[in-house]
Amino acid sequence: MSAPPMDGYDRRIDYLRISVTDRCNLRCRYCMPAEGVWKLGHEEVLRYEEIMRLAAIAVRMGISKIRITGGEPLVRKDILYLCANISRLEGLKSLSVTTNGVLLGEYAEKLFSAGIRRLNISLDTLKPERFFQITRVDCFQQVWEGILAAQRVGISPIKLNAVILRGTNDDEIEDLARLTVDHPFHVRFIELMPFRPQEEHSPSEFVSSDEILERLSGIAPLQPAAGPEGNGPAVHFRLPGALGTIGIISPITHHFCAKCNRLRLTADGKLRTCLFASEETDLRQLLRNGATDASIMETIRKAILSKPERHSLERPFSRKCISRPMFAIGG
Ligand code: SAM
Ligand code: SF4
Ligand code: SF4
């Protein structure tokens, strides 16, 4: 395995998020429209053999961390086959999955057997009716039981990601944080990013991480803590005596672009070096036109060198930020 590639701003690129599908069994308001969702055709989506080849190439280039995401990764058929294969790549230090948790009750143990030890699970509320309001599907209890199943089979760390929306779930900041007292979960508050058209997102729904932190400081003195993932984008705290930690992720107001180490591969085989940029590199075409590993590596290296320095979304919701919705990129 080589040393991780460096981009044009001296950042070490060692993390790849792979989206395996743009389909999802929920319709979170901040991510997808209620209906009429734009979908990739079957032939457009990378086959597992293609994903595995790209993952192996990336690891040979020095990528040491891979996350499987989507859409909802657990709705793709035979996802365990992909996880098990990627987890065996020599040189890969960390393989994780991001899921909405709906299918975790059924999958937790199988994911563990397929080599998954780390999970990110979306959880924006602890109230069943509100879960329905946010995701448009009534399955809070199923998700909660899935989270507990993941804990039971030994998956660790379990990170619970909450997107906070003013007027929807901002009154639950404290309760979500208090989950960390009795459970070894890492509850992470994420600033809302403007992926949906402006008609569906009001700028007043945005809650900054500073405001979240201020609210959290009202519960108890927050102690700075080490996070579960080393130097990721979250800033971590612990409530006194808590088993888990609280993380604050501020992609908008305190962006972490200077430390960004990630690449994204979309379900249709486009490499994106920045979540908010519109440039993509078509790796699917290379794969399907018989490109050698060496030429794919060269193309990835060139894309990495063109990774933007940062996004320019200081004025959140001043515009819709990207050419593709989040579920079609891979969060
Ligand atoms: N379906 C899986 C899930 O929800 O965990 C994985 C894909 S989802 C796109 C990945 C993450 O993106 C989730 O944690 C979700 O909350 C986050 N996300 C989606 N839209 C977002 C937005 N507009 N702002 C902030 N985070 C968003
Ligand atoms: Fe689906 Fe995840 Fe988007 Fe919610 S955030 S709609 S679960 S892809
Ligand atoms: Fe990385 Fe782009 Fe996100 Fe900044 S905006 S952290 S450069 S992906």
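When a ligand or atom number is given, it counts from 1 through the structure's own listing order. Numbering of residues begins at 1 and proceeds along the displayed sequence.
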Within 45 degrees of the ring normal and closer than 6.0 Å to the centroid, is that where the cationic atom of Lys110 sits relative to Tyr107?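 Ring-cation test returns yes.
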Arg53 NZ/CZ over Tyr48 ring centroid, <6.0 Å and within 45° of normal: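 No - Arg53 does not lie over the ring of Tyr48 by the 6.0 Å and 45° rule.
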Please identify each residue that fulfils side chain to side chain contact (heavy atoms under 4.5 Å, CB included) with Ala162, with sequence neighbours left out.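 Here the qualifying residues are Asp124, Ile164, Leu176, Phe189.
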Could you tell me which residues satisfy side chain to side chain contact (heavy atoms under 4.5 Å, CB included) with Glu211, sequence neighbours excluded, listed by chain and number? Arg166, Val207, Ser208
Tell me which protein heavy atom sits closest to [atom], plus the residue, atom name and distance to 0.1 Å.
atom: atom 8 (S) of ligand 3; answer: Leu275 N, 3.3 Å
atom: atom 4 (Fe) of ligand 3; answer: Cys257 SG, 2.3 Å
atom: atom 2 (Fe) of ligand 3; answer: Cys274 SG, 2.3 Å

[X]: numbered ligand 1 atoms lying under 4.0 Å from its heavy atoms:
X: Gly70; answer: 7 (C), 9 (C)
X: Gly71; answer: 1 (N), 2 (C), 6 (C), 7 (C)
X: Thr99; answer: 2 (C), 3 (C), 5 (O)
X: Glu72; answer: 1 (N), 2 (C)
X: Tyr30; answer: 16 (O), 18 (N), 19 (C), 20 (N), 21 (C), 22 (C), 23 (N)
X: Glu191; answer: 25 (C)
X: Met193; answer: 22 (C), 23 (N), 24 (N), 25 (C), 26 (N)

Are any of the side-chain heavy atoms of [X] and [Y] separated by less than 4.5 Å?
X: Phe237; Y: Ile248; result: yes
X: Cys83; Y: Leu111; result: yes
X: Arg264; Y: Arg67; result: no

So for Pro194, does at least one of its heavy atoms come nearer than 4.0 angstrom to any atom of ligand 1?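 No, Pro194 has no heavy atoms under 4.0 Å from ligand 1.
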Where on Asn161 is there a heavy atom closer than 4.0 Å to ligand 1, on the side chain, on the backbone, on both, or on neither?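 Side chain only.
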List in chain and number order the residues that pass salt bridge (Lys or Arg N to Asp or Glu O under 4.0 Å) with Arg301, two or more places apart in sequence or in another chain; answer none if no residue qualifies. Glu298
For [X] and [Y], indicate whether the former's side chain and the latter's backbone hold a donor-acceptor pair under 3.5 Å.
X: Asn85; Y: Leu82; result: no
X: Arg11; Y: Glu309; result: yes
X: Glu174; Y: Ile219; result: no
X: Asp7; Y: Tyr9; result: yes
X: Glu191; Y: Thr253; result: yes

Check each atom of ligand 3 against the heavy atoms of [X] and keep those under 4.0 Å away; list them by number with element.
X: Cys260; answer: 1 (Fe), 6 (S), 7 (S), 8 (S)
X: Phe276; answer: 5 (S)
X: Phe256; answer: 6 (S)

Look at atom 15 (C) of ligand 1 and find which of Cys31, Ser122, Gly101 reaches it with the closest heavy atom.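 Nearest heavy atom to atom 15 (C) of ligand 1 lies in Ser122.
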Applying side-chain contact (heavy atoms from CB on, under 4.5 Å), run through Asp175 and Lys127 and close with a yes or a no. CA-CA 10 Å; Asp175 287 346; Lys127 300 184 180 184; 5.6 Å; no
If waters are left out, how many protein N/O/S atoms lie within less than 2.8 Å of atom 3 (Fe) of ligand 2?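 Under the 2.8 Å cut-off, the count stands at 1.
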Do any nitrogen or oxygen atoms of [X] lie less than 3.5 angstrom from nitrogen or oxygen atoms of ligand 1?
X: Thr69; value: no
X: Thr98; value: no
X: Cys24; value: no

In terms of hydrophobic clustering (I, L, V, M, F, W, Y; side-chain heavy atoms under 4.5 Å; direct or indirect links), are Leu263 and Val59 co-clustered? yes
